[in-house]
Amino acid sequence: LPLGTGDMAPFVQVSPGPSISDMMRARRGKMLSTETAQQARLTAGLETTVGPLFVSAGIGPSMARLAHKLGGIIRLGVVAHGDLWYRPARGHYLNAGLAADSAEHSLWARLRYGYRHDPLPFAFGPELAGNLSTTSRKIKAGLHLAELSWWCFNADLSGGVMWDRRGFG
């Protein structure tokens, strides 16, 4: 939804899926496929634009199937997610995101800088992200493609190097 200054709009965000780093470990034979972590989140909230700032905040239910040597442990919980976008000049943005999930007992944060040149259908730039939970500590540095649009959906892709310190809790 294109928002003007002071407009407020609702949003719904869905995030299901397995841990890609766990899937890669299982593929390399480092863990069983039944030990991979999976999560599902449904977040609803409000978003608004105030001058060069875009703010969104949401809350909703979450479910986590946590990796464990004895098999999966399923937890239900609540996730809270917030994003702040600052657009200091045309084509440039800074983004900070934060999510806390009681099902995974985790805290996730991400910082991004992005640039979108007018004829390109996407933005790109560096990002730094981290995740702290009872089962792992992850830090990722890499690049992202953002604002990939199709119909009423937007998608982001990111990749890079991840440092993962694994444990079982």
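Heads up: numbering here begins at 1 and tracks the sequence.
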Trace of the side-chain hydrogen bond (donor to acceptor under 3.5 Å, both in side chains) decision for Lys138 with Ser133: CA-CA 9 Å; Lys138 297 177 184 176; Ser133 74; over 6 Å; no

Distance, nearest 0.5 Å, that separates CD of Gln13 from CD of Glu47: 9.5 Å

Intermediate values then yes/no, salt bridge (Lys or Arg N to Asp or Glu O under 4.0 Å), Lys140 and Asp164: CA-CA 9 Å; Lys140 184 187 86 161; Asp164 186 356; over 6 Å; no

Spacing of CD belonging to Glu104 relative to CZ belonging to Arg65, to within rounding of 0.5 Å: 12.5 Å

Atom pair CG/CD1 of Leu46 and Ile59 - distance to nearest 0.5 Å: 12.0 Å

Least distance between heavy atoms, Asp156 atom then Glu147 atom: OD1-N, 3.4 Å

4.5 Å side-chain heavy-atom contact, Arg75 and Ser102: no

Asp101-Ser62 side chain donor-acceptor pair, cut-off 3.5 Å: yes

Nearest non-hydrogen partners of Ala100 and Leu107, listed with the distance: CB-CD1, 4.1 Å

Residues in side-chain hydrogen bond (donor to acceptor under 3.5 Å, both in side chains) contact with Arg27, at least two apart in sequence or another chain: none

Taking every non-hydrogen atom, the tightest pair across Asn131 and Trp108: OD1-CB, 3.6 Å

Pairs satisfying salt bridge (charged side-chain N to carboxylate O under 4.0 Å, His left out), at least one member in residues 49-58, at least two apart: none

Plane angle bin for His92 and Tyr115 - parallel if under 30°, tilted between 30 and 60°, otherwise perpendicular: tilted

Test item: Gln39 and Pro16 side chains (from C-beta on) under 4.5 Å apart, heavy atoms: no

Donor-acceptor pair, side chain of Asn95 and main chain of Tyr113, under 3.5 angstrom: no

His144 (side chain) donor-acceptor with Gly125 (main chain) under 3.5 angstrom: yes

